[in-house]
Novice: 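My questions all concern the structure below.
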Amino acid sequence: MKEQILSQMTTECPWRDTLYWYDTIDSTNTQAKKLAKEGAPAGTVLIAGNQTGGRGRMGRSFSSPEGMGVYLSAILRPGCKAEELMHLTCAAAVAACKAVENVCGIFPGIKWINDLVCGKEKLGGILTEMSVNADGFVDWAVVGIGINCCQRKADFPKELQNMATSLLLQTNKIYPPDLLAAQLTEALFEINNILFQKQQIMDIYRQHCITLGQNILVVRGEESAYGTALDLDEDGGLLVRFADGTEKVVSSGEVSIRGMYGYV
Ligand code: BTN
């Protein structure tokens, strides 16, 4: 499978030399973190046929059945302070959307901060993790991306069936995961080359962010508050006007949009 992925990439992309394929793995992010700690170079890419313990944000699991999706993690070493890398999930989302567009012509919507969506359903997600040293510098970052390619509704776990989608369900065509994996590796390489052109990245993200203008529920720990999503800053923070009239930038936690993923 590795050869199949490489044959669909340009020979110019240097990340092809540090690409690893796993038939099955618990989580490409977990393995990427292990390799990063052992000193694996920037541009190391891990791709799996299936994950037995695929992980999402907020401790959730990510359904990763054999041969049905792309499960990919890349190691980055951006050489900057953590506070300069707050937009990394947004940058990865832009790269993932570009890869999907290259493969099937659809540029997905982005539900802040890390979900790729088509209509009201989730097509994929991003999980970024990083290690920061005592001086605040990022030692390594791992960008994990999962995208549903070939699932029919019955292939998703019951509880996800009314909120998940795939490229097959969107287009009625089979797009093999290896084709998308090749495009995704190249798109991540390209976004990594312009990682600090934040405005350029966030302009694209903003254009496709379906959260903007919506009535939302912001949940942080035990607290939750209603508001309206107004804008994004260049670090990917979400500017929210809360029901009491105050405006604040939200940079973590969970945002629900009315009518999506079971929030009514
Ligand atoms: C989310 O939906 O909250 C994020 C999902 C991220 C899934 C990808 S699949 C490849 C990588 N390995 C993981 O365990 N998670 C990410």
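All ligand and atom numbering here is 1-based and tracks the order in the structure.
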Novice: Return the closest protein heavy atom for atom 2 (O) of ligand 1 as residue, atom name and distance.
Specialist: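 The protein heavy atom lying closest is Lys122 NZ, 2.5 Å.
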Novice: Any nitrogen or oxygen of Tyr71, main chain or side chain, under 3.5 Å from a nitrogen or oxygen of ligand 1?
Specialist: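 No, since none of the N or O atoms of Tyr71 sits under 3.5 Å from an N or O of ligand 1.
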Novice: Where do Gln51 and Tyr22 land on the side chain to side chain contact (heavy atoms under 4.5 Å, CB included) test, with the steps shown first?
Specialist: CA-CA 9 Å; Gln51 300 185 115; Tyr22 302 84; over 6 Å; no
Novice: At a 4.0 Å threshold, what atoms of ligand 1 neighbour a non-hydrogen atom of Gly56?
Specialist: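 So the atoms of ligand 1 that pass are 1 (C), 3 (O), 4 (C), 5 (C).
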Novice: Look at atom 12 (N) of ligand 1 and say which protein heavy atom is nearest, naming residue and atom and giving the distance to 0.1 Å.
Specialist: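 I find the closest protein heavy atom is Gln51 OE1, 2.9 Å.
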Novice: Measuring from non-hydrogen atoms of Met58 to any atom of ligand 1, is the shortest distance under 4.0 Å?
Specialist: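 Heavy atoms of Met58 never come under 4.0 Å of ligand 1.
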Novice: Tell me which protein heavy atom sits closest to atom 3 (O) of ligand 1, plus the residue, atom name and distance to 0.1 Å.
Specialist: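 Sorting protein heavy atoms by distance from atom 3 (O) of ligand 1 puts Arg57 N, 2.7 Å first.
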Novice: Sub-3.5 Å donor-acceptor pair from the side chain of Tyr71 to the main-chain atoms of Thr24, do we have one?
Specialist: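 No; judged by distance alone, with no hydrogens or angles, the pair does not exist.
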Novice: Given that the side chain starts at C-beta and the backbone is N, CA, C, O, which of these parts of Arg60 lies under 4.0 Å from ligand 1, counting heavy atoms, or is it both or neither?
Specialist: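 For Arg60, no heavy atom sits under 4.0 Å from ligand 1.
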Novice: Considering only heavy atoms of Thr28, which atoms of ligand 1 have at least one such atom less than 4.0 Å away?
Specialist: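 Numbered from 1, ligand 1 contributes 10 (C), 11 (C), 12 (N).
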Novice: Among protein heavy atoms, which sits nearest to atom 5 (C) of ligand 1, and what does the distance come to when rounded to 0.1 Å?
Specialist: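 Of every protein heavy atom, Phe62 CD1, 3.5 Å lies nearest to atom 5 (C) of ligand 1.
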Novice: Which protein non-hydrogen atom lies closest to atom 6 (C) of ligand 1, naming both residue and atom, and how far is it?
Specialist: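 I find the closest protein heavy atom is Arg55 O, 3.5 Å.
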Novice: Are the side chain of Asp203 and the backbone of Gln200 linked by a donor-acceptor contact shorter than 3.5 Å?
Specialist: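 The answer is no, because no donor-acceptor pair under 3.5 Å joins these two groups.
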Novice: Give a yes or no on whether Phe242 atom CZ has more than 12 heavy-atom contacts from other residues, nucleotides or ligands under 6.0 Å away.
Specialist: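 Counting neighbours around CZ of Phe242, more than 12 heavy atoms of other residues, nucleotides or ligands fall under 6.0 Å, so yes.
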Novice: Within the 4.0 Å heavy-atom shell around Gly54, which atoms of ligand 1 are there?
Specialist: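 Answer for ligand 1: 14 (O).
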Novice: Just which atoms of ligand 1 are under 4.0 Å from any heavy atom in Asn114?
Specialist: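 Checking each atom against Asn114, I get 1 (C), 3 (O), 4 (C).
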Novice: Got a sec: does the CE of Met86 have more than 12 other heavy atoms crowding it under 6.0 Å?
Specialist: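 No, not enclosed.
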Novice: Using 30° and 60° as the class limits, which term best fits the ring planes of Phe107 and His208: parallel, tilted or perpendicular?
Specialist: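 Because their plane-to-plane angle is under 30°, the rings of Phe107 and His208 count as parallel.
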Novice: Tell me yes or no: between the side chains of Ser27 and Asn29, is some donor less than 3.5 Å from an acceptor?
Specialist: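 No, no side-chain donor-acceptor contact under 3.5 Å.
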Novice: Going by heavy atoms in the side chains, are Leu123 and Val117 under 4.5 Å from each other?
Specialist: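 Heavy-atom side-chain distance check fails, nothing below 4.5 Å.
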Novice: Mind checking the CG-CH2 spacing from Leu238 to Trp112? Nearest 0.5 Å is all I need.
Specialist: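 Reported to 0.5 Å precision, the distance equals 5.0 Å.
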Novice: Number the atoms of ligand 1 from 1 as they appear, then name those within less than 4.0 Å of a heavy atom of Leu72, with their elements.
Specialist: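 Once the distances to Leu72 are compared, the set is 10 (C).
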